[in-house]
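This report concerns only the one structure given below.
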Number of protein chains: 2
Amino acid sequence: MSKLTQKKERVKNPKGYSSIIIYEILRDEILSLDLAPCQPVDDASLAKRFNVSRSPVRDAMVRLVSESLLQTLPNKGTIVSPLRLEDFSKYIDALDIVQRTVSRLAAKFRNNENLELINKEQAIFASSVEANDILGMIQSNRDFHIAIAKAGNNRYFEKIYRELLDDGRRSLRIYFNSFDSHLPKNLISDHQLMIDAIKFQNLDLAEELAHEHTLQMQQQFLNYLGTLETSDIEININ
Amino acid sequence: MSKLTQKKERVKNPKGYSSIIIYEILRDEILSLDLAPCQPVDDASLAKRFNVSRSPVRDAMVRLVSESLLQTLPNKGTIVSPLRLEDFSKYIDALDIVQRTVSRLAAKFRNNENLELINKEQAIFASSVEANDILGMIQSNRDFHIAIAKAGNNRYFEKIYRELLDDGRRSLRIYFNSFDSHLPKNLISDHQLMIDAIKFQNLDLAEELAHEHTLQMQQQFLNYLGTLETSDIEININ
DNA sequence: ATTTTTTAAATTGTCGACAATTTGAACTTT
DNA sequence: AAAGTTCAAATTGTCGACAATTTAAAAAAT
């Protein structure tokens with residue numbers, strides 16, 4: 001076959017990027033749902049696809065497993081982790097509490113540098129909305145909220161919040177898809193109100209706005225699911 | 001050399017345990033502070049020590065890096081992560097908030113199965129204290145608190161709490177070392193009070209007890225550090 | 001027809017070697 | 001002596017092969 005005769009002049013890849021690149025490609029494909037939940041993923045074919053040996057693929061997969069984006073079924077291969085939408089209300093419960101706490105901490109401890117970063121991220125988010133760039137919106141929305149967490153001046157809480165956001169990345173993908181043409185202008189003004197509350201150190205207001213922000217997201221999300229089918233997801237926030 | 005002539009009759013290890021075993025050994029050595037913070041750790045010598053190739057050692061190290069127990073200094077090797085005791089008050093801040101939230105959730109949502117597990121873990125903890133077994137105390141104390149988190153019926157919060165506890169494992173080691181001969185009997189009764197508050201669904205009391213529990217730990221810890229040297233750790237809990 | 005045994009294939013962890021860098025010391029050159 | 005260059009050693013990612021299992025399908029025995 002031409003593929004074999006045309007023997008790739010194997011110039012070894014520049015040291016140590018394959019596994020990182022493969023990790024990022026797979027991660028993006030999983031998060032964008034190009035790789036469907038429960039879809040099998042095996043290192044042999046990935047190695048073929050990326051024209052590398054199994055080692056870098058394995059490394060990438062180990063990392064994805066540790067992030068719970070892949071799931072190993074012992075001796076039965078590896079699959080894209082199932083997306084359990086029935087867990088969504090639990091997720092929102094957790095996100096609500098953490099988000100309120102983080103906002104309150106930010107309002108208390110923020111300094112000028114923090115505020116600058118938050119404003120910067122807000123601007124980036126606004127421009128992704130302007131450009132109707134969904135992937136950009138997801139990324140910059142995340143960065144905006146993490147900037148707030150940073151202002152809380154507690155790296156443990158920042159880590160908790162970041163990991164929780166990361167846990168919800170695929171759900172968030174569905175959430176943003178729900179704005180299929182009419183853009184979420186109000187998200188931008190919501191963010192601005194949060195910035196002001198943090199800037200003026202109004203702890204209670206910052207917490208309340210974070211709470212409303214989460215509720216609104218939940219609302220939008222459930223409405224969207226409701227348009228797909230009658231959902232049996234129950235809400236237990238009070 | 002005899003080492004070479006005596007050629008190990010390399011019976012390959014039973015499939016796929018070396019890397020897990022090596023991971024556990026290294027983890028325990030790091031947590032018990034046998035491997036000192038900042039101490040260099042290189043795969044070549046570990047491979048020699050465990051009589052395996054670099055691959056399983058590398059896998060174990062990757063995992064430890066992802067848990068922040070090891071730290072990679074690019075092109076300069078890998079070291080045991082520094083133990084930043086100056087972060088301790090931040091850690092306690094975060095632990096306090098999460099612990100209070102988890103206790104409150106547990107008091108609200110606990111069922112009989114949860115209560116049974118909590119009681120079981122409490123019994124195990126009590127017997128480790130009885131036996132003066134520090135490693136056992138650390139483990140069973142963790143399991144006790146995680147049992148409470150489970151009762152909160154929110155896997156996201158459970159994960160947050162577990163990871164936060166894991167983050168503090170080395171600090172906790174120092175904490176338990178501080179009870180060098182007189183055992184923490186009161187920890188047992190504290191736990192019992194928490195169990196009762198959760199059992200009788202007294203949310204406010206459960207939260208308050210969790211708060212006191214954390215404060216007491218902080219107190220004990222700082223006192224202990226104070227006996228070692230004049231500590232510049234500042235407390236900002238209010 | 002059901003259970004047991006045998007086998008081939010798939011899965012998965014490990015091996016030893018090697019190659020692309022990077023680092024820092026030794027050696028020039030200015 | 002300072003700056004630049006060269007080079008061996010250390011670090012680190014990748015390769016292709018292989019071996020220990022597990023799984024499940026095929027074959028044999030009951």
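Quick note on labels: first sequence line is chain A, next is B, and so on, each numbered from 1.
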Nucleotide [N], atom [atom2] - distance to [atom1] of [X] in whole Å:
| X | N | atom1 | atom2 | result |
| --- | --- | --- | --- | --- |
| A:Leu73 | C:dA10 | CG | C1' | 14 Å |
| A:Leu46 | C:dT11 | CG | C1' | 15 Å |
| B:Asp43 | C:dC15 | CG | C1' | 14 Å |
| B:Tyr17 | D:dT21 | OH | C1' | 9 Å |
| A:Asn75 | C:dA8 | CG | P | 20 Å |
| B:Ile79 | D:dA10 | CD1 | P | 20 Å |

If you look at every strand shown and take non-hydrogen atoms under 4.0 Å, does A:Ile22 touch a base, only sugar-phosphate, or nothing?
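If one applies the 4.0 Å heavy-atom cut-off, A:Ile22 turns out to touch nothing in the nucleic acid.
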If you find the nucleotide of DNA chain C closest to A:Asp42 and the one closest to B:Arg54, which residue's nucleotide is nearer the 5' end?
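The residue whose closest nucleotide sits nearer the 5' end is A:Asp42.
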Strictly below 4.0 Å: does [X] bring a side-chain N or O up to OP1 or OP2 of [N]?
| X | N | value |
| --- | --- | --- |
| A:Ser53 | D:dT14 | no |
| B:Ser55 | C:dT14 | no |
| B:Lys76 | D:dT12 | no |

Hey, can you pull the donor-acceptor pairs under 3.5 Å for the side chains in residues 64-71 of chain A, sequence neighbours left out?
unit_1  : atom_1 : unit_2   : atom_2 : d
A:Ser66 : OG     : A:Arg63  : O      : 2.8
A:Glu67 : OE1    : A:Tyr23  : OH     : 3.3
A:Glu67 : OE1    : A:Arg169 : NH2    : 3.2
A:Glu67 : OE2    : A:Tyr23  : OH     : 2.3

Please tell me whether B:Tyr175 and B:Tyr224 form a close aromatic pair, meaning their ring centres lie under 6.0 Å apart.
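No, ring centres 6.0 Å or more apart.
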Centre-to-centre under 6.0 Å for A:Tyr91 and B:Tyr156, is that the case here?
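Here the rings of B:Tyr156 and A:Tyr91 have centres that are less than 6.0 Å from each other.
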Using a strict cut-off of less than 4.0 Å between a Lys/Arg side-chain nitrogen and an Asp/Glu carboxylate oxygen, indicate whether [X] and [Y] qualify as a salt bridge.
| X | Y | value |
| --- | --- | --- |
| B:Arg49 | B:Glu29 | yes |
| A:Glu158 | A:Arg162 | yes |
| A:Arg54 | A:Asp43 | yes |

In residues 57-71 of chain A, what residues come within less than 4.0 Å of DNA chain C, judged by heavy atoms?
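Within this stretch, A:Arg58 sit under 4.0 Å of the strand.
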In terms of side-chain heavy atoms of A:Pro56, which of D:dC15, C:dT12, C:dT22 is nearest?
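It is D:dC15.
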Which nucleotide in C:dT22, D:dT22, D:dC15 has an atom nearest any side-chain atom of A:Val52:
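Of the candidates, D:dC15 comes closest.
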Between B:Thr72 and A:Pro74, which residue's closest nucleotide on DNA chain D lies nearer the 5′ terminus?
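Residue closer to the 5' terminus by nearest nucleotide: B:Thr72.
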Let's go through A:His191 and A:Asn141 carefully: what are the C-alpha distance in whole Å and the side-chain angles of both, what is the deciding distance for side chain to side chain contact (heavy atoms under 4.5 Å, CB included) to 0.1 Å, and is it a yes or a no?
CA-CA 9 Å; A:His191 281 186; A:Asn141 180 63; 3.3 Å; yes
